[in-house]
Participant: 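One structure is given below, represented as structure tokens, and several questions about it will come after.
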Amino acid sequence: MLRILLVSARPETLRAFIEGLASDPDVRLEQAGTGKESLDAVRNAFPHLAIVDSKLPDTEPLSLVSKLIEVNAMVNTAVLSPLSEDEFHEASEGLGVLSALPLMPGRRDATELLRRLRDVLGFVG
């Protein structure tokens, strides 16, 4: 079972992406609306992956990623970002972010992200 935490204050806008993640029978999807809620979730639920939205009401996404890995160094992260691939790589260097995602990810993005996560974790499926 893959435990995934989506950190976003706009779940209705990300519906196709959320449906793509939730449609996988091996995924348990939790949601948090703020950085603070996500830190509590990572501390208590030990997700395999935290997906951080580009705009949160209480923090910046890469700052939150840094805090998440301080709380649990084993959590993988992905970030929704408007930056180009090169800009994102530069901004997130040293944070070990698994993937940058578009601001409006869809089902295909969810499928690819799950494939990459399984590869990293050594899961088959």
Side-chain angles (χ1 to χ4, degrees):
M1 178 67 61
L2 292 172
R3 294 178 311 277
I4 298 176
L5 174 66
L6 175 64
V7 187
S8 177
R10 55 184 190 118
E12 63 286 341
T13 306
L14 302 175
R15 179 163 300 173
F17 181 65
I18 290 169
E19 288 172 356
L21 294 170
S23 69
D24 188 308
D26 292 326
V27 169
R28 179 173 171 214
L29 183 63
E30 304 276 334
Q31 295 185 43
T34 66
K36 182 184 180 328
E37 289 174 8
S38 71
L39 290 168
D40 292 340
V42 167
R43 198 174 283 118
N44 299 315
F46 307 108
H48 293 101
L49 174 67
I51 303 166
V52 179
D53 202 349
S54 63
K55 292 187 181 179
L56 295 169
D58 60 344
T59 189
E60 293 297 315
L62 293 177
S63 175
L64 179 57
V65 166
S66 180
K67 291 173 186 172
L68 290 171
I69 59 177
E70 284 179 25
V71 169
N72 178 352
M74 298 304 291
V75 68
N76 292 283
T77 56
V79 178
L80 279 62
S81 175
L83 300 176
S84 72
E85 187 176 327
D86 289 340
E87 291 170 326
F88 185 82
H89 177 74
E90 184 71 26
S92 67
E93 191 169 1
L95 294 176
V97 176
L98 177 66
S99 183
L101 297 166
L103 291 178
M104 295 295 298
R107 283 181 171 269
R108 185 170 289 161
D109 297 300
T111 300
E112 176 60 19
L113 181 60
L114 291 174
R115 184 197 64 73
R116 291 186 74 188
L117 179 62
R118 284 184 170 103
D119 286 350
V120 165
L121 296 176
F123 280 31
V124 177

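Position 1 is the first residue of the sequence, and the numbers go up from there.
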Participant: Salt bridge or not between Glu112 and Arg115? Use side-chain N to carboxylate O under 4.0 Å.
Facilitator: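 Yes.
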Participant: Would you check if Lys55 and Leu103 make a side-chain contact, meaning some heavy-atom pair closer than 4.5 Å?
Facilitator: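 The answer is no; the side chains never approach within 4.5 Å.
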Participant: Any donor and acceptor pair, going by atom type alone, linking the side chain of Asn72 with main-chain N or O of Phe46 inside 3.5 Å?
Facilitator: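 Not a single qualifying donor-acceptor pair exists.
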Participant: Would you say Leu68 and Leu6 are hydrophobically clustered, going by side-chain heavy atoms of ILVMFWY under 4.5 Å?
Facilitator: no
Participant: Tell me the closest heavy-atom pair linking Ser38 and Gly35, and the distance in Å.
Facilitator: OG-O, 2.6 Å
Participant: With heavy-atom distances below 4.5 Å as the criterion, would you say the side chains of Phe88 and Leu101 are in contact?
Facilitator: no
Participant: To the closest 0.5 Å, what do you measure between CG (Leu49) and CG (Leu5)?
Facilitator: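 Here the rounded value is 8.5 Å.
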Participant: Should Pro61 and Leu80 count as side-chain neighbours, where that means a heavy-atom distance under 4.5 Å?
Facilitator: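 When only atoms from C-beta onward are counted, Leu80 and Pro61 do not touch, as no gap falls below 4.5 Å.
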Participant: Side chain to side chain donor-acceptor pair (under 3.5 Å) with Glu60: which residues, sequence neighbours excluded?
Facilitator: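 Partners of Glu60 by the side chain to side chain donor-acceptor pair (under 3.5 Å) criterion come out as none, since no residue qualifies.
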Participant: Can you give me the closest heavy-atom contact between Ile18 and Pro11, atom names plus distance?
Facilitator: CD1-O, 3.4 Å
Participant: Using a 6.0 Å cut-off, check whether atom CE of Met74 has over 12 heavy atoms from anything other than its own residue.
Facilitator: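 Not more than 12 within 6.0 Å, no.
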Participant: Can you confirm whether His89 sits close enough to Glu85 that some side-chain heavy atom of one is under 4.5 Å from a side-chain heavy atom of the other?
Facilitator: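 In short, these two side chains do not touch, never coming nearer than 4.5 Å.
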Participant: Heavy-atom distance under 4.5 Å between the side chains of Leu2 and Leu117, does that happen here?
Facilitator: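 In contact.
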Participant: For Leu39 and Lys36, run side-chain contact (heavy atoms from CB on, under 4.5 Å): C-alpha distance rounded to whole Å, both residues' side-chain angles, the deciding distance at 0.1 Å, then the answer.
Facilitator: CA-CA 5 Å; Leu39 290 168; Lys36 182 184 180 328; 5.6 Å; no
Participant: side-chain contact (heavy atoms from CB on, under 4.5 Å) between Leu114 and Ile4: does it pass, once the steps are laid out?
Facilitator: CA-CA 10 Å; Leu114 291 174; Ile4 298 176; 3.4 Å; yes
Participant: Working to the nearest 0.5 angstrom, can you tell me the gap between Arg28 CZ and His48 NE2?
Facilitator: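 If I round to the nearest 0.5 Å, the distance is 11.0 Å.
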Participant: Roughly how far, to the nearest 0.5 Å, is CZ of Arg15 from CE of Met104?
Facilitator: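 Output value for this atom pair is 11.0 Å.
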Participant: Is there a continuous path of hydrophobic side-chain contacts, each under 4.5 Å between heavy atoms, that joins Val65 to Val42?
Facilitator: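 Yes, it is one cluster - the side chains of Val65 and Val42 are joined through contacts under 4.5 Å.
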Participant: Membership question, hydrophobic clusters at under 4.5 Å side-chain separation (ILVMFWY): are Leu21 and Val75 in the same one?
Facilitator: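 As far as the 4.5 Å side-chain criterion goes, Leu21 and Val75 are not connected within one cluster.
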Participant: Compare all side-chain heavy atoms of Ser54 with those of Val79 and state whether any distance is below 4.5 angstrom.
Facilitator: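 Not touching, per the 4.5 Å side-chain cut-off.
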Participant: How about Arg107: does its CZ atom have over 12 heavy atoms from other parts shown lying under 6.0 Å from it?
Facilitator: yes
Participant: What I'd like to find out is whether the side chain of Thr59 reaches to under 4.5 Å of the side chain of Lys67, using heavy atoms alone.
Facilitator: yes
Participant: Counting only N and O atoms by type, is there a donor-acceptor contact under 3.5 Å from the side chain of Glu37 to the main-chain atoms of Gly33?
Facilitator: yes
Participant: Would you compute the distance between atom CG of Asp24 and atom CG of Leu29 and round it to the nearest 0.5 angstrom?
Facilitator: 11.0 Å
Participant: Please determine whether a side-chain nitrogen of the Lys or Arg among Asp53 and Arg10 lies less than 4.0 Å from a carboxylate oxygen of the Asp or Glu.
Facilitator: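 Answer for the salt bridge query: yes.
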Participant: Testing the basics here: between Thr77 and Gly96, what is the closest heavy-atom pair and its distance to 0.1 Å?
Facilitator: OG1-O, 4.3 Å
Participant: Hey, quick one: are Val97 and Leu56 part of the same hydrophobic cluster, counting side-chain heavy atoms closer than 4.5 Å, chains of contacts allowed?
Facilitator: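 Yes, Val97 and Leu56 fall within the same hydrophobic cluster.
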Participant: Can you name the nearest heavy-atom pair linking Ser23 to Gly20, along with the distance?
Facilitator: OG-O, 3.0 Å
Participant: If the threshold is 4.0 Å, N to carboxylate O, is there a salt bridge linking Glu30 and Arg3?
Facilitator: no
Participant: Give a yes or no on whether a salt bridge exists between Arg116 and Asp119, defined as a side-chain N under 4.0 angstrom from a carboxylate O.
Facilitator: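 No, Arg116 and Asp119 are not salt-bridged.
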Participant: Answer with yes or no whether the hydrophobic clustering places Val52 together with Leu98; edges join I, L, V, M, F, W, Y residues whose side-chain heavy atoms lie under 4.5 Å apart.
Facilitator: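 Unlinked, Val52 and Leu98 end up in two clusters.
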Participant: Any side-chain heavy atom of Ile51 sitting closer than 4.5 Å to one from Leu113?
Facilitator: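 Ile51 vs Leu113: side chains touch.
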